[in-house]
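Take a look at the structure below.
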Amino acid sequence: MAHSTDLGEAPIAVHIKPSTGWVSLRLKELFDYRELLYFLVWRDIKVRYKQTALGASWAIIQPFFTMVVFSLFFGKLAKMPSDGVPYPIFSFAALVPWSFFATSLTNTSNSLVGSSNLIKKVYFPRLAIPIATVLSGLVDFGIAFLMLIAMMFWYRLVPTANALWLPLFVLLAVVTSLGVGLWLSAMNVQYRDVKYVVPFLTQFWLFATPVAYPSSLLSGRWREVYALNPMVGVVEGFRWALLGTRTQALGVIAVSSVTAVMILVSGAFYFRRMERTFADVV
């Protein structure tokens with residue numbers, strides 16, 4: 001592309017070409033487009049509740065009724081242990097961060113394909129799209145969390161001093177959701193089969209995470225291996241911080257945190273490597 005100036009100088013040629021090989025993340029560029037990121041977050045929030053009869057109530061309805069089903073089948077019939085707390089609050093404390101993670105997986109995996117018109121017309125850091133999708137899910141998380149606090153008062157449970165660590169577990173949930181979401185969103189542009197795989201992946205991941213059961217059922221040497229699933233650290237951390245469950249969560253949380261960071265970093269570099277093909281393929 002070439003253009004000339006008004007003073008008669010020779011035209012300036014500007015060549016735009018895709019990057020090759022492994023490229024940097026360009027986080028500074030993402031910061032420069034922070035206003036666009038805010039806009040995308042607000043857009044996702046409005047679209048989520050547009051033309052819905054119950055609106056934001058869905059943020060509570062889904063985990064609440066899942067808790068009812070778990071309480072009936074796992075708590076009443078299977079007599080699943082719950083680390084010394086009532087089973088409904090035991091399961092709901094796990095379902096709040098889990099619902100955030102599961103929703104993020106579903107939405108981020110299709111975020112690039114759903115924004116195809118924007119990607120084809122305007123240049124901006126494509127990382128902004130999955131990041132905005134994950135961040136917009138924090139609104140639903142906040143609403144469900146208020147329901148969790150209300151249930152704790154109903155069961156006369158007072159948050160322990162460990163609740164001061166809760167923001168770190170929320171951050172761990174965001175890191176995990178974004179890391180997996182970057183992988184899935186980039187892969188979904190190239191392979192549209194991903195949108196069919198995500199529901200099976202989410203269902204499998206649910207039962208591979210101690211949502212309906214305590215991780216204390218596993219022997220000590222297997223707990224560290226089990227913690228390679230980063231959502232194990234998130235769920236165990238939430239219960240430990242809010243309910244004071246007597247579990248050896250620190251080692252599990254440490255392993256899960258390292259795994260979550262590795263998924264995020266590798267997902268970000270994979271996303272950036274595939275980014276040059278998005279406008280052509282999406």
Check the angle between the aromatic planes of [X] and [Y] and answer parallel, tilted or perpendicular using the 30° and 60° thresholds.
X      : Y      : answer
Trp165 : Trp240 : tilted
Phe74  : Phe70  : perpendicular
Tyr226 : Tyr213 : tilted

Nearest-0.5 Å distance that lies between atom [atom1] in [X] and atom [atom2] in [Y]:
X      : Y      : atom1 : atom2 : value
Trp58  : Thr103 : CH2   : OG1   : 12.5 Å
Met80  : Leu217 : CE    : CG    : 6.5 Å
Leu36  : Leu118 : CG    : CG    : 7.0 Å
Asn107 : Ser185 : CG    : OG    : 11.5 Å
Leu127 : Tyr33  : CG    : OH    : 13.0 Å

Exercise for the section: Answer yes or no: is there a donor N or O on one side and an acceptor on the other, between the side chain of Tyr87 and the main chain of Leu72, under 3.5 Å? Expected result: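 Side chain of Tyr87 to backbone of Leu72: no pair is present.
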Got [X] and [Y] here, is their nearest side-chain heavy-atom distance under 4.5 Å?
X      : Y      : result
Phe169 : Pro97  : no
Met67  : Met151 : yes
Tyr38  : Leu135 : no
Lys195 : Leu184 : no
Ser115 : Arg43  : yes
Leu243 : Met152 : yes
Leu112 : Ile119 : yes
Ser71  : Ser91  : yes

Mind checking whether [X] and [Y] sit in one hydrophobic cluster, side chains of I, L, V, M, F, W, Y counted as touching below 4.5 Å?
X      : Y      : result
Val197 : Val189 : no
Met231 : Phe207 : yes
Ile129 : Tyr123 : yes
Phe153 : Val96  : yes
Ile60  : Leu146 : no

Exercise for the section: State whether the number of non-hydrogen atoms from other residues, nucleotides or ligands found under 6.0 Å of Phe64 atom CZ is greater than 12. Expected result: no
Practice task
Give a yes or no on whether Glu29 atom CD has more than 12 heavy-atom contacts from other residues, nucleotides or ligands under 6.0 Å away.
Solution key: yes
Shortest non-hydrogen contact from [X] toward [Y]:
X      : Y      : value
Ile45  : Ser136 : CG1-CB, 3.8 Å
Thr259 : Ala227 : OG1-O, 4.4 Å
Leu228 : Pro230 : O-CD, 3.1 Å
Pro130 : Thr108 : O-CG2, 3.8 Å
Val232 : Ala208 : CG2-O, 4.2 Å
Ala144 : Phe92  : O-CE2, 3.8 Å

Practice task
Return the set of residues passing side chain to side chain contact (heavy atoms under 4.5 Å, CB included) with Gln190 (not counting sequence neighbours), or none when no residue passes.
Solution key: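 Side chain to side chain contact (heavy atoms under 4.5 Å, CB included) list for Gln190, sorted by chain: Met274, Thr277, Val281.
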Completion exercise
With sequence neighbours left out, the residues meeting side chain to side chain contact (heavy atoms under 4.5 Å, CB included) with Ala132 are Leu37, Leu40, Val41, Asp44
Practice task
Report the residues that fulfil side chain to side chain donor-acceptor pair (under 3.5 Å) with Tyr191, sequence neighbours left out, ordered by chain and then residue number.
Solution key: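 Not a single residue meets the side chain to side chain donor-acceptor pair (under 3.5 Å) criterion with Tyr191.
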Handout entry: side chain to side chain donor-acceptor pair (under 3.5 Å) involving Ser257 - partner list, sequence neighbours excluded
Key = none
Cation-pi check for [Y] against [X]: NZ or CZ below 6.0 Å from the six-membered ring centre and within 45 degrees of the axis, yes or no?
X      : Y      : result
Arg273 : Phe271 : no
Arg34  : Phe31  : yes
Arg239 : Phe90  : yes

Practice task
Could you check Leu95 against Gln62 for side chain to side chain contact (heavy atoms under 4.5 Å, CB included), going step by step and ending with a plain yes or no?
Solution key: CA-CA 9 Å; Leu95 284 167; Gln62 183 176 359; over 6 Å; no
Handout entry: Aromatic contact, Phe101 with Trp98 (centres under 6.0 Å)
Key = yes
Problem - Criterion side chain to side chain contact (heavy atoms under 4.5 Å, CB included) on Leu166 and Phe145, from CA distance to verdict - result: CA-CA 11 Å; Leu166 198 60; Phe145 182 78; 3.4 Å; yes
Exercise for the section: Examine the side chains of Asn229 and Ser256 and answer whether a donor and an acceptor come within less than 3.5 Å of each other. Expected result: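 Ser256 and Asn229 do not have a side-chain donor-acceptor pair below 3.5 Å.
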Fill in the blank from the handout: Joining Ile, Leu, Val, Met, Phe, Trp and Tyr whenever any side-chain heavy atoms lie under 4.5 Å apart, the cluster holding Met262 also takes in Val258
Give the table of side-chain donor-acceptor pairs shorter than 3.5 Å for residues 172-183, with sequence neighbours excluded, one pair per line with atom names and distance.
unit_1, atom_1, unit_2, atom_2, d
Thr176, OG1, Leu172, O, 2.8
Ser177, OG, Ala173, O, 2.7
Trp183, NE1, Ser266, OG, 3.3

Exercise for the section: Start with the C-alpha gap between Ile143 and Met147, add the side-chain angles, then the distance that decides, and say whether side chain to side chain contact (heavy atoms under 4.5 Å, CB included) holds. Expected result: CA-CA 7 Å; Ile143 296 173; Met147 181 65 181; over 6 Å; no
